[in-house]
Amino acid sequence: MLKIFLFLLFMMPICFLKNNYWMIQNMFLFLMFFTFFFNFNLMMFNVEMIFAIDLLSFGLILLSIWICALMIMSSNSLYNLNLNYNYFLLNVVCLLLLLLLTFSSVNLFLFYVFFESSLIPTMFLIFGWGYQPERLQAGLYLLFYTLFASLPLLMVLFYIFDNFFTLNFIFFKEFSLNSFLFYFFLVFAFLVKMPMFMVHLWLPKAHVEAPVSGSMILAGVLLKLGGYGLIRVFSIILHLSVKLNIFWVILSLVGGFLVSLICLRQIDLKALVAYSSVAHMSLVIGGLMVLMSWGWGFSYTLMVAHGLCSSGLFFLVNLFYERLGSRSLLINKGMLSFMPSISMWWFLLCSSNMAAPPSINLLGEIGLLNSIIGWSKMLMILLVFISFFSAAYTLYLYSFSQHGKFNVSNYSFSFALNREYLVLFLHWFPINLLILKSDLMVFFL
């Protein structure tokens, strides 16, 4: 792991050299393949003193590097307009380094420190390169929602260390916490990050105000920190989880249904995709909370699938926003007439978003439906509604933006660049390629 961390550390000064924007992006892609080929060993658990990689963290590390490379690729307008792109590159490198440290920490306290630190570069992205003046409010929402939930978590960590003398994930199976308050604090911090319905308000705000790169990293990786954290800490609160998790399952599934309805009345493209993230994450929370191996394996699958798919949709929304200066569905209509090839990418990513084969979204959702229904048949009612409305709002998004009477003033915006096609391909291709190696997605169990 150290070679990867040093690689990123030494990239930081390079961000300030002239005309090196694409070099940083190429180095990210190099790092991706380097990490993949040098660490790829199915039974791996490269344990060192404070860092280790198992299959769960390995997949999320690869996802982080991939999304960060695509962030730089899709933020070309910052480079063309010279909007402090050096600081932007530095920000992305710092964010990636913190995410890699988070996913490879074995010590829960270090995980907590890096988990919270990843907020800072994200806030700088929103504050520095966001669109409207409301970005200050969005950044503060993001900060206070997360900190409000995670400070009690810090208290629990101190208690665990005081009593069990270790904060290492590997030893958590030996201990058990039996206090309801500790259970609540441990779980709640990660549920806010997911985000769960009722504590999700920071997410649409942050997405709508963030630049395209901020939205991509938020949807692609930062929401996965919550699921990853839950999988890591459940072993220490297993006895209580078996009794109390029903509350979270029902709350998240009812929330997923309600958020799907909220999606159907959005006219801001970005807000619609942001709310759809909350609906997908509600299924992931349900799958994690039933404490079955299927639920855990397939929730991880859906996290990876959602990271790529949602990030691609945000890029598509930004592609229209750069052309037309608006994200409103009332203006972005009839785009099939102007950009038929982009309409094909809309179709491909929307179909992945509503879990059409052969995407791994389908694999994840089928596994999660199985595990949740296997836990309680009554929940089938909620799952039917979530699945139906997931298809409904995705079709609403696609048909409203691509069909209809177009705006005549759009005539000058009828092309897309090769770079944009490449970014879309690199989002869509892994979602459909990974289905061929679907055993990896659930192998970490």
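Position 1 is the first residue of the sequence, and the numbers go up from there.
For residues 189-212, no residue pair satisfies the salt bridge (charged side-chain N to carboxylate O under 4.0 Å, His left out) rule, not counting sequence neighbours. Evaluation of the side chain to side chain donor-acceptor pair (under 3.5 Å) test over residues 217-226, restricted to residues two or more places apart or in two chains, returns Lys224-His306. The salt bridge (charged side-chain N to carboxylate O under 4.0 Å, His left out) pairs that include a residue from residues 260-270 are Asp268-Arg327, where partners are two or more places apart or lie in different chains.
Residues Phe103 and Phe114 form no side-chain contact, since every pair of their non-hydrogen atoms from C-beta on lies 4.5 Å or further apart.
Under the 3.5 Å distance criterion, with hydrogens and angles disregarded, a donor-acceptor pair is assigned to the side chains of Tyr421 and Ser341. Side chains of Asn361 and Glu365: a donor-acceptor N/O pair is absent below 3.5 angstrom, by distance only. A donor and an acceptor atom, one from each side chain of Ser57 and Ser104, are nowhere located under 3.5 Å apart.
Among residues two or more places apart in sequence or in another chain, the salt bridge (charged side-chain N to carboxylate O under 4.0 Å, His left out) test is passed with Glu420 by Arg323.
Aromatic rings from Phe148 and Phe144 are positioned such that their centres are separated by 6.0 Å or more. Between Phe197 and Trp248, the distance separating the two ring centers is not shorter than 6.0 angstrom. In this structure, Phe190 has its ring center under 6.0 Å from that of Phe115.
Using cut-offs of 30° and 60° on the angle between ring planes, the pair Phe429 and Phe425 is parallel.
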Handout entry: Intermediate values then yes/no, side chain to side chain donor-acceptor pair (under 3.5 Å), Tyr228 and Arg232
Key = CA-CA 6 Å; Tyr228 175 78; Arg232 291 297 192 211; 3.1 Å; yes

Practice task
Test side-chain contact (heavy atoms from CB on, under 4.5 Å) on Leu269 and Leu329 and set out the steps.
Solution key: CA-CA 6 Å; Leu269 286 166; Leu329 267 176; 3.5 Å; yes

Under 3.5 Å, sequence neighbours excluded: what are the donor-acceptor pairs made by side chains of residues 387-402?
from   : atom 1 : to     : atom 2 : distance (Å)
Ser387 : OG     : Leu383 : O      : 3.0
Thr394 : OG1    : Ser390 : O      : 2.6
Tyr396 : OH     : Gln266 : O      : 2.6
Ser399 : OG     : Leu395 : O      : 2.7
Ser401 : OG     : Leu397 : O      : 2.8
Ser401 : OG     : Tyr398 : O      : 3.2
Gln402 : OE1    : Ser343 : OG     : 2.5

Return all side-chain donor-acceptor pairs below 3.5 angstrom for residues 5-19, not counting sequence neighbours, or 'none' if the list is empty.
none

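Proximity of a side-chain donor or acceptor of Asn432 to a complementary backbone N or O of Trp428 within less than 3.5 Å is detected.
For Phe124, the CZ atom sits in a loose shell: 12 or fewer heavy atoms of surrounding residues, nucleotides or ligands are nearer than 6.0 Å.
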